[in-house]
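Letters A, B, ... are given to chains in the order of the sequence lines, protein chains preceding strands, and every chain is numbered from 1.
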Amino acid sequence: MEPSFYDQVYEIVRLIPKGRVTSYGAIAKSLGAGSSSRLVGYAMNNAHGILPKIPAHRVVNRNGLLTGKFHFSPPALMQQLLENEGLVIIEDKIQGFKAHFWDPATEL
DNA sequence: TTAATGACCTCCG
DNA sequence: TCGGAGGCCATTA
């Protein structure tokens, strides 16, 4: 298996510091494929069986909305993990998302 | 090889 | 302000 788009996504997601979050589009853009935002989410779909475990709960859409929480088991786990890291989630939305935003293109 | 899928993003009415 | 539709591209069957 050569390094694919998936591996790029997994590696960046694993690099997200604790208590920080990023967006699918930001990851895709940092990979040089700003139009491939959907691929990031698609990669996460396979991330369930990837080791080490992927902190997919730190990845949300550009609005800071937990769009993919339903892919967790249970769905509330995503919010629970984020709150455990000191983030505040209200209505499936990250409060102060911009303040906790972690841009891979900038941090890397 | 062709066709279908998707945890998104952006534009238009 | 809110809702709907289209486009983007890699992976899988």
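- Base contact: A/Asn45 has a heavy atom under 4.0 Å from a base atom.
- Within the 4.0 angstrom heavy-atom criterion, only backbone atoms of the sugar-phosphate kind lie near A/Tyr6; the bases stay farther away.
- Note on A/His48: a base of the nucleic acid sits closer than 4.0 angstrom, heavy atoms only.
- A/Ala56 comes within contact range of at least one nucleobase, with a heavy-atom separation under 4.0 Å.
- A/Asp103 places a side-chain N or O within 3.5 Å of a backbone atom of A/Ala105 that can act as its donor or acceptor partner.
- Looking at heavy-atom distances under 4.0 Å, A/Phe5 makes contact with sugar-phosphate atoms alone, never a base.
- Judged by distance alone, the side chain of A/Ser36 and the main-chain N or O of A/Ala28 form no donor-acceptor pair under 3.5 Å.
- The distance between atom OH of A/Tyr42 and atom P of C/dT11, rounded to the nearest whole Å, is 10 Å.
- In this structure, A/Leu66 CG and A/Lys93 NZ are separated by 10.5 Å, a value rounded to the nearest 0.5 Å.
- Using a 4.5 Å heavy-atom threshold, the side chains of A/Ile94 and A/Asn63 count as separate.
- Taking atom CG of A/Leu39 as the reference point, atom P of C/dT12 lies 11 Å away to the nearest angstrom.
- Boundaries of the chain A contact region on DNA chain B are B/dT5 to B/dT10, first to last in 5' to 3' order (nucleotide atom under 4.0 Å from a heavy atom).
- Taking the side chain as every heavy atom from C-beta outward, A/Val9 and A/Tyr6 never approach each other to under 4.5 Å.
- A/Gln80 places none of its side-chain heavy atoms less than 4.5 Å from the side chain of A/His57.
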Tell me, for nucleotides 2-8 of chain C in 5' to 3' order, what letter each nucleotide earns: B for a base near a protein heavy atom under 4.0 Å, S for only sugar-phosphate near one, - for neither? -----BB
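- The CZ atom of A/Phe101 sits 11.0 Å away from atom CZ of A/Arg62, with the distance rounded to the nearest 0.5 Å.
- A/Met44 has its CE atom 14 Å from the C1' atom of C/dT11, to the nearest Å.
- A/Asn46 places no side-chain N or O within donor-acceptor distance of the main-chain N or O of A/Ala43, the cut-off being under 3.5 Å.
- The existence of a salt bridge linking A/Arg20 and A/Glu85 is excluded, since no basic side-chain nitrogen approaches an acidic carboxylate oxygen closer than 4.0 Å.
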